[in-house]
Structure formats: structure tokens, C-alpha cells
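Working notes, beginning with the structure itself.
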Amino acid sequence: MEKEIIKVRDKKFVTYLSSDDIQSQIARMADTINVAYEGKNPLFIGVLNGAFMFASDLLQKITIPCEITFVKMTSYEGINTSGNVRQLVGLAESIEDRHIIILEDIVDTGLTMAKAKNDLAAQNPASLEIATLLFKPDCIKEDIPLRYVGFEIPDKFVVGYGLDYDGHGRNLQDIYQLKDD
Ligand code: IMP
Ligand code: MG
């Protein structure tokens, strides 16, 4: 893959995961989920804003009956986590006795997923798992099981494919890594 350097606001980023790599990995995740949730009518819960592209591309590859809804959570400010996770939009539907798969763009400290899992578990779902496109294992602070992981990546800030730097860069098809210098 040809490395491209781009600028998002005041920072430089370099190509890290190509759109093709992302799509093939999502196809593999969808295949696994299609088998594991056959006959379970899973309810996917996408975490906005970051997971909108992942949720869209994954759902198009799910071939079993399923439903999707979204919540909105926020914790990041610029390139650092604020440590303070807030839910901005909640769920309208009941998840009692449903098989839930949370769709997240990236698990960094794990604080966002710990809060989401905790809130959802209180509503008695039949099962509750997490599917995340990206995972930074070096940053994790909360011990949360991640059932489906697209890519394990190093502790470097990334942007693109739904992930933002200060609100920008979500529209990029590839994922880019912050360039050191
Ligand atoms: P956590 O709560 O620290 O696990 O952070 C998770 C949230 O922070 C994710 O849902 C992302 O929205 C955001 N985030 C974490 N790392 C990055 C990154 O490298 N780039 C863009 N957003 C990130
Ligand atoms: Mg997010």
C-alpha cells in the first residue's frame, strides 16, 4: 500500500490501514457473527459518532435476521481521552431478553465500553458482547472482554473511517496514524 501523508486540521497523519484491508476484516467478523447468532435475531447497538461507518459496512454483510439501533457517547477531547464518559443519546427500545452486540470503532482505555456494558447489563439482555473494529491493547484500563476485534493496533492516535481528530477526518475511507516529528 502506498503511504500517503495527509493533514487533518493542524496535524499530519500517514496511511495505516487501507480501505480494502478494513473491508476484508469486517467481512471476516460478519461471517463469524452470522454463524454465532443464527436464529438469535441479534440487536446491534452502534456507538455514535465514531462507529457509524463500521456499523454500516458490517450490517451490510450480516445475512441473518437482525436489528440495529444507536446510542451516542463521548469521552475524547482532541487526541486525549477526558476520562469522563457521557451518554448523550440513549436507547428507545427495550433490550430485555435480546442478544446484544455493541458496535464500537475503537477501544482505547476501555472506559466507554465499561460504561456502556454496565448500563446495558442492568436492562437484562439475554447476552451482551462487544465487536470493535480497532483495539489498542496497551491503553486498556478496564478489564472488559472483547468478543470480536478487527485489528489490534499500537498506542498511536488514528483518524479516518468514522474516527475523528477534533471532529474532522471521519469521512476518510482509509485509517491514518498520527505522524511523529
Ligand atoms: P476509551 O473510552 O478510552 O476506550 O475510548 C473510546 C473512544 O475514544 C472511542 O469510542 C473513540 O471515539 C475515541 N478514541 C479512542 N482512541 C481514538 C483514536 O486513536 N482516534 C480517534 N478516536 C479515538
Ligand atoms: Mg467511539
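This is a predicted model, so every value here is computed, not measured. Order of appearance sets the numbers: ligands from 1, and atoms from 1 within every ligand.
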Around atom CD of Glu142, are there more than 12 heavy atoms of other residues, nucleotides or ligands at under 6.0 Å?
-> yes
Count the heavy atoms belonging to other residues, nucleotides or ligands that lie under 6.0 Å from CG of Asp143, then report whether that count exceeds 12.
->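 At most 12 heavy atoms, drawn from other residues, nucleotides or ligands, come within 6.0 Å of this atom.
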Would you call Glu93 and Arg98 a salt bridge, using N to O less than 4.0 angstrom?
-> no
When you check the gap from the basic side-chain N to the acidic O, do Lys61 and Asp57 get nearer than 4.0 Å?
->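 Judged by the 4.0 Å cut-off on N to carboxylate O distance, Lys61 and Asp57 do not form a salt bridge.
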Give the numbers and elements of all ligand 1 atoms closer than 4.0 Å to a heavy atom of [X].
X: Ile106; answer: 6 (C), 9 (C), 10 (O), 11 (C), 14 (N), 15 (C), 16 (N), 17 (C), 19 (O), 23 (C)
X: Asp164; answer: 21 (C)
X: Thr109; answer: 1 (P), 2 (O), 3 (O), 4 (O)

Taking non-hydrogen atoms only, is [X] closer than 4.0 angstrom to ligand 1 via side chain, backbone, both or neither?
X: Val158; answer: both
X: Asp105; answer: side chain
X: Glu104; answer: side chain
X: Met73; answer: neither

Side chains of Asp10 and Tyr165: do they bring a donor and an acceptor to under 3.5 Å?
->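 Yes, a side-chain donor-acceptor pair sits under 3.5 Å.
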Looking only at side chains, do Gln23 and Ser19 share a donor and an acceptor under 3.5 Å apart?
-> no
Ligand 1 contact by Lys136, heavy-atom criterion under 4.0 angstrom |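 Heavy atoms of Lys136 do come under 4.0 Å of ligand 1.
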Within the structure, does Leu163 bring an N/O atom to less than 3.5 angstrom of an N/O atom in ligand 1?
->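 It does not: no N or O of Leu163 is found under 3.5 Å from an N or O of ligand 1.
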Return the option from Phe157, Phe135, Tyr165 holding the heavy atom at the smallest distance from atom 18 (C) of ligand 1.
->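 Among Phe157, Phe135, Tyr165, the closest heavy atom to atom 18 (C) of ligand 1 belongs to Phe157.
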With side chain to side chain contact (heavy atoms under 4.5 Å, CB included) as the test, would you mind laying out the steps for Glu67 and Leu43 before giving the verdict?
-> CA-CA 5 Å; Glu67 292 168 67; Leu43 172 63; 3.7 Å; yes
